[in-house]
Protein chains: 2
Amino acid sequence: VSIPSDHIVKNFDQELEHLRHTLAVMGGLAEAQLRSAVQALREQDGERASKVLAADAEVDELELEAEKSAVRLLALRQPMAIDLREIVAALKIASELERMGDYAANVGKRAIAISQMGVVRPVLALPRMADAVADAIHRTVDAYERRDDAAALEVWRRDEEVDEMYTALFRELLTYMMEDPRSITASTHQLFIAKNIERIGDHATNIAEVVHYLVTGERIGGRPKADRSSFQVMVSPPPRPGGAG
Amino acid sequence: VSIPSDHIVKNFDQELEHLRHTLAVMGGLAEAQLRSAVQALREQDGERASKVLAADAEVDELELEAEKSAVRLLALRQPMAIDLREIVAALKIASELERMGDYAANVGKRAIAISQMGVVRPVLALPRMADAVADAIHRTVDAYERRDDAAALEVWRRDEEVDEMYTALFRELLTYMMEDPRSITASTHQLFIAKNIERIGDHATNIAEVVHYLVTGERIGGRPKADRSSFQVMVSPPPRPGGAG
């Protein structure tokens, strides 16, 4: 990553280019962090997982740099309406990418814990879901760079699939826990990992919304939410005499 | 809430006042949402929980209004450095408050699920933690309004207590699950509720950082992070022959 943080450009267009480039680098890092965290989880590789945590500091630094760049842009000249929209959009995207990095780091932390647990029953749907979300990051950052509204909307619509995968995963993991209480600690970590990945998907969706706003000047109405696990009452039906639970 | 969304003020200072007021209203709503969600949880009151979900739309609306107001401010005149800092800070705070609303809504969703479960063993530490976090929202928004750096730093430092409460809760809930697999669904919801509340606390901390930056022009180094639950390997030590889990 080659962005010197005290790199001050005097020209408005150059500074804007610098800001866009910073976001592109952040997007690449967030995607790589997620992929690496899930690989570390799959291979129970604590060392690889630790590196994901280290990369998070870099994403945080870049968010600060994006923010400084936006402030410099605002100070450089009275921006026109379209430039303003561009700068506000960049600030929002930087914030979304920074949160993705946080969630990926949390996946990394939990991958470290799981790496110390002996053989843990893998949840096959987890890497699949992570792949879908990493692709969403890639496509949404790409849509931002190319100002491609259609591509952004595609990411936005497909978030529903991720939410469905998450809901299925949630059920699967709860079933494991009920079948074998010894798996509870590992399964709980995997539940939170799945939740973190689902949230990263939400943030990709948020970026897609920003791109749509940037290109069209309009907001997308509604949310493509399909995470029904929060409403989940019962998974398998073990009898609950006296209503314990 | 009396903020007409097409309320356009022509004067810079009035618009700034409008923006600050919008944030104060958002802060009050986020705090009320959290308190209400946890009360609904405690009383297994599904109806009250539903109202929390409805309030989230209001917080989302207000974030949009804050954003529009910030853009109007930037367009009204070439802001000076201090005004710029003010506007960027307001945008960040609005975004933090909006996320708090999302997490509170998720607590509400899960409270609805739990309200349908018959008698659920209460986790006493959960309302206590929620109280601490609701207070943090209150104090941090107050610190913003009064530009009180000392009060902001106090919230920032005390986030560690919340993280410790969360780590203890995490352990307690995992123990319940191991003792009684029938409690797994309810306990999992409570785990996510605790996590959501802990995240709301993080966002209050983020606002405290913004206030510090606003007042002093400097960033706080490091993070008061003490959530060790992500690193948790084993809670109670049931034997795990063959490394299952």
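Proteins come first, then strands; the chains are lettered A, B, ... in the order of their sequence lines, and each starts at number 1. Hydrogens, waters and symmetry mates are skipped; everything else that's a heavy atom, side chains included, is used. Values in this document were obtained by computation on a predicted structure and should not be read as measured data.
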Under 4.5 Å from a heavy atom of chain A, the part of N196(B) involved: side chain
Contacting moiety of V88(B), where chain A heavy atoms sit under 4.5 Å: side chain
R85(A)/E67(B) ion pair, N-O < 4.0 Å: no
Which atoms of L64(B) are under 4.5 Å from chain A, going by heavy atoms: the side chain, the backbone, both sets, or neither? side chain
Shortest non-hydrogen pair, F192(A) vs L191(B), comes out as CZ-O, 3.9 Å
Check the pair E96(A), R99(B) against salt bridge (Lys or Arg N to Asp or Glu O under 4.0 Å), reporting the backbone distance first and the verdict last. CA-CA 11 Å; E96(A) 300 292 342; R99(B) 312 236 177 205; 3.0 Å; yes
Locate the shortest heavy-atom distance separating V71(A) from L84(B); write the atom from each residue and the value. O-CD1, 3.8 Å
Hey, does L91(B) have a side-chain heavy atom less than 4.5 Å from the side chain of K92(A)? no
Is any side-chain heavy atom of M178(A) closer than 4.5 Å to a side-chain heavy atom of M177(B)? no
Heavy-atom side-chain proximity of I184(B) to I184(A) below 4.5 angstrom: yes
